[in-house]
Amino acid sequence: VTLKKKLIILFIAFTLVPLVLFGVIIFSRARNILQTIRTAQLDTIADLKKDKIETFFHEREADVRSAQDFRNIRMNLPVLIKHASDRAAPAYAHAKRTLDDQLKTFQQAYGYLDVMLTDRQGRVVYVSNNEHMANVGKSLQDGKFFDEGRNKIFFSDIFFGNQTDPRAEMLGLGPVRDLQGNFAGVVALEIDMEPIFKFIQDTTGLGKTGEALIAKKEGSKMLFLSPLLHDPNAPLKRAVDLRENIAIPAIKAALGGSGSGISYDYQGDEVLAAWRYIPFLRWGLVTKIDASEVFAPVRQLKTVVISVELLMALIGALAALAITRTIAGPIVSLQRGAEAVAAGDLSHRVGTAAQDEIGRLSRAFDAMTDAIDQRVRERTRELETAVAERKEAEDILKLANAYNRSLLEASLDPLVTIDANGKITDANNAAELVTGVSRAHLIGSDFSDYFTEPGKAREGYQKVFTDGFVKDYPLAIHHASGRITHVLYNAVVYKDAGGNVQGVFAAARDITERKKAEDALRLANAYNRSLLEASLDPLVTIDVNGKITDVNLATEKVTGRSRRELIGTDFSDYFTEPEKARTGYRLVFQEGSVMDYALEIRRKDGYITPVLYNAALYRDEAGNVIGVFAAARDITERKKAEDEIKKLNRELEARVIERTAQLEASNKELEAFAYSVSHDLRTPLRGIDGFSLALLEDYGDVLDETGKDYLQRVRAGALKMGQLIDALLNLSRLTRGEVRRASVDLSSLAKNAAEELRKSEPERRAEFIIVSGATVKGDPVMLRAVIDNLFANAWKFTSKCGAARIEFGVAKGEERTAYFVRDNGSGFDMAYANKLFTAFQRLHGAADFPGLGIGLATVQRIIHRHGGKVWAEGEVGKGAVFYFTLS
Amino acid sequence: VEPTVLIIDDSEDDILLTKMVLSKLGQKIRAESASSGEEGLVFLRDGTELPALVLLDLKMPGMDGIDVLRAIRADDRLCPIPVIIVTHSDLESDREASYQSGANSFLNKSVDLGQFTQNIRSELEKWV
């Protein structure tokens with residue numbers, strides 16, 4: 001059995017078993033408590049009901065006793081009996097009336113159905129209830145109870161009334177004695193059973209199935225007296241054999257027993273019942289409740305507890321599973337881990353984050369495995385490294401030897417090693433070539449033998465032994481054939497592993513070619529130098545600190561100082577503005593060069609030469625900056641010319657300003673003049689028109705038609721002149737003020753103009769063709785006037801033709817773009833084309849085409865102010881085109 | 001009581017024409033006139049009653065319209081009088097100067113008297 005199973009069994013045992021036990025105890029306890037409580041209730045109710053019934057019948061007994069003693073009855077009963085056969089006798093009537101007086105009241109006051117009197121044989125002689133008069137003369141209830149009642153107070157069995165009154169009733173009987181004490185008859189009180197049944201059937205406090213009943217022993221049977229819950233017709237009808245095993249509490253009670261407990265009722269159902277015997281009436285009383293109702297809470301409790309138990313069991317099982325997982329799971333994985341590590345898998349880790357003991361054990365186990373793994377790895381690495389290192393060292397050694405040898409052999413420089421005595425111990429191929437002696441011969445021979453100056457060679461290697469090295473030691477090697485090779489020697493001592501000097505390693509560099517190059521360079525330098533010296537421009541070189549490193553003759557002249565004086569001094573010292581000079585050469589270091597940098601050189605005697613400097617960095621072959629090369633150009637002459645020009649310009653400017661001011665002034669004057677003229681012209685004109693109107697209106701009646709016509713003509717003339725003045729003012733206004741420059745969409749201006757014209761004469765047939773997107777720079781207000789005027793013109797001159805066609809378009813020319821307005825109107829004679837734009841010049845009669853003759857003049861003025869041109873093309877009767885350009 | 005309109009204008013013709021226009025408006029108006037700015041101011045300062053409206057020309061020798069207007073606006077008693085500038089000028093600069101100096105309106109002396117009559121009528125409705 002695994003740990004998991006054990007744990008689950010354990011959990012179930014510890015959760016389920018106590019729960020079941022607990023449940024059983026609770027049930028039986030609850031059942032007992034319920035039974036006890038319910039029994040006590042039943043007992044109480046049974047006792048109560050018994051008491052009440054007994055009390056009721058004791059009261060009825062007292063009533064009978066009272067009736068026995070009524071003097072009225074004792075006196076009059078014999079009278080009634082005596083005159084029974086002659087009811088009409090006054091004595092009878094009197095007796096009956098006297099009895100009625102008392103007994104009717106008695107009957108009603110105590111709730112009896114009737115109060116009856118019998119004679120000594122049991123025949124009814126009196127009823128208080130008139131409805132029962134039929135009973136008079138008959139024997140009381142067939143004489144059933146009379147015998148008992150003639151001797152003592154007696155309560156009859158329950159019986160049912162006659163057909164007309166089928167209710168359950170009882171009789172309370174008692175003997176009556178006359179005033180002499182002799183037996184005279186029986187008084188019988190008829191008791192209604194309904195209230196008693198109601199009281200018995202009252203199940204208050206008995207729950208839903210609760211019931212109370214009364215029963216009575218009748219021979220070998222038990223007879224039910226009251227209606228039953230399940231059988232309302234039971235009274236006197238339903239009976240149970242005493243030996244039967246049902247209705248046990250009722251049988252027990254009827255047989256004179258009292259008690260309580262679980263039993264079976266008349267239907268054979270299990271009930272909790274209390275039963276009592278009422279000896280006075282010989283009745284058995286039972287109160288009972290169905291056991292199922294009594295124990296219903298226990299059943300409910302059972303359902304709840306069982307549900308809870310099942311839930312607990314489920315939870316328990318789940319908890320058991322979870323716990324076994326957390327405990328058994330880690331143990332199993334720990335076990336597997338141990339097996340894996342034992343099998344040699346050191347990478348296996350149990351791996352858990354649990355904080356319990358097993359978790360800690362697992363981590364400890366993992367740590368142990370880690371440590372083992374780590375150790376094994378380290379050791380393996382150490383071994384591998386050791387093996388690899390050894391192999392590498394061997395390889396390097398092998399390679400180094402081969403490499404060293406090949407390096408030596410591959411070198412173009414003659415290499416030799418020399419021992420302390422100056423004997424060659426090794427030589428390479430280059431050494432063989434340069435000496436013309438084979439390696440075999442070289443080894444062991446004297447090193448100094450192969451040089452043109454053996455003594456210098458000897459000194460050289462001895463110096464190596466004393467100093468440890470020599471550098472660029474010049475020697476000349478003597479070839480066997482007699483050829484000389486110039487070399488520079490570099491040599492060092494070489495030592496063994498113990499640091500003891502073994503000999504000298506000497507490498508020679510053939511410098512024959514270099515020597516040649518140096519010679520060439522020297523020549524080139526001399527050439528360059530002469531070039532520099534020949535230059536008329538002052539040239540200098542400056543180092544990074546601003547010191548002069550070289551100068552040419554021109555520089556000596558311009559500074560008045562010798563080359564010797566100049567070299568090593570500060571470049572900036574020789575200028576009128578040393579700081580500016582410094583900035584100049586620093587700029588060269590920063591930017592790489594400067595162009596036309598203006599400076600003034602001050603000569604020793606104070607003469608100043610203006611120059612322009614061009615300077616650039618110069619570098620060695622490796623590209624390292626050495627300094628600045630600066631060339632100056634004497635610009636004395638140029639400067640003079642420039643100054644002259646500047647002066648002329650200044651004079652010219654002053655003249656222009658003066659002229660402009662004059663022009664502006666005269667312009668202003670002109671404007672003021674034009675304005676005031678038109679203003680002052682208007683005043684008299686207004687008088688002419690105004691007074692003409694006054695004449696017409698106020699003195700019209702004294703003028704004939706001709707006179708009135710003249711006055712109308714005066715007025716028309718005045719109005720026309722007013723319009724001319726307005727137009728002139730407008731024209732002059734367009735010459736005033738600045739021409740603003742803004743982006744103007746001529747196409748949309750044209751569209752607006754067309755729209756306005758259409759509105760002015762909606763009945764005219766006209767087609768407008770307007771190119772879109774014609775946008776220019778210009779004064780928006782002025783250009784609007786141009787488009788408006790040209791369109792108005794076209795509109796006016798097409799008024800005579802049928803369908804007007806007015807087009808605004810763009811004509812791209814070679815230099816400028818021209819815009820045009822074309823119409824198919826009356827046109828004009830090209831001979832007069834240049835008169836078109838003159839103010840007040842008209843090519844048509846005013847009667848044909850009314851107008852002021854100032855529109856095109858305005859257009860021209862505006863176009864000119866924009867720096868553009870305007871011209872027209874046309875032919876009489878074939879339309880006209882007006883072109884304009886803008887700057 | 002018929003309202004008084006004071007016309008200040010150096011042109012006798014214009015005064016006459018304005019009076020004519022006023023008389024034809026079909027309204028009981030008493031038209032007074034002054035032929036210079038100075039005379040106009042004297043009339044205003046000496047009068048016991050203030051005119052309902054002043055029609056003021058701009059271009060006059062001596063005190064011009066703007067000077068007169070400023071003087072009216074600077075005088076606590078005269079200040080409430082509505083002043084309409086009536087001039088031949090249609091310069092934007094004149095219009096602006098007039099409004100800045102406190103003119104209530106700016107009218108052009110149109111050569112067309114019909115047009116002028118209409119303008120005067122609508123101004124009178126506004127101020128008188």
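We use all heavy atoms of the structure for the numbers below, so side chains are in, but hydrogens, waters and symmetry mates are not. A note on names: the letters A, B, ... follow the listed sequences, proteins ahead of strands, and every chain is numbered from 1. Here the structure is a predicted model, which means the values were calculated and not measured.
- In this structure, the separation between CG on Leu113(B) and CG on Leu719(A) is 10.0 Å, given to the nearest 0.5 Å.
- Counting heavy-atom neighbours within 6.0 Å of Arg77(B) CZ, excluding the residue itself, gives a total above 12.
- Applying the side-chain hydrogen bond (donor to acceptor under 3.5 Å, both in side chains) test to Gln115(B) and every residue at least two apart in sequence or in another chain returns Asn119(B).
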Distance-only donor-acceptor hits, side chain of residues 688-699 of chain A, under 3.5 Å, sequence neighbours excluded:
unit_1    : atom_1 : unit_2    : atom_2 : d
Asp689(A) : OD1    : Arg715(A) : NE     : 2.8
Ser692(A) : OG     : Ile688(A) : O      : 2.5
Glu697(A) : OE1    : Lys24(B)  : NZ     : 2.6
Asp698(A) : OD1    : Lys24(B)  : NZ     : 3.2

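- Of the charged side-chain nitrogens involved, none lies within less than 4.0 Å of a carboxylate oxygen, so that Arg686(A) and Asp13(B) do not count as a salt-bridged pair.
- Taking all atoms of both residues into account, the shortest heavy-atom contact from Ser11(B) to Thr683(A) is OG-CG2, 3.9 Å.
- If you take CZ on Arg682(A) and OG on Ser89(B), they are separated by 8.0 Å, rounding to the nearest 0.5 Å.
- Distance check: His88(B) NE2 to Leu685(A) CG gives 8.5 Å after rounding to the nearest 0.5 Å.
- Crowding of Arg758(A) atom CZ: a count of heavy atoms from other residues, nucleotides or ligands under 6.0 Å exceeding 12.
- In Arg73(B), the CZ atom is crowded: over 12 heavy atoms of neighbouring residues, nucleotides or ligands sit closer than 6.0 Å.
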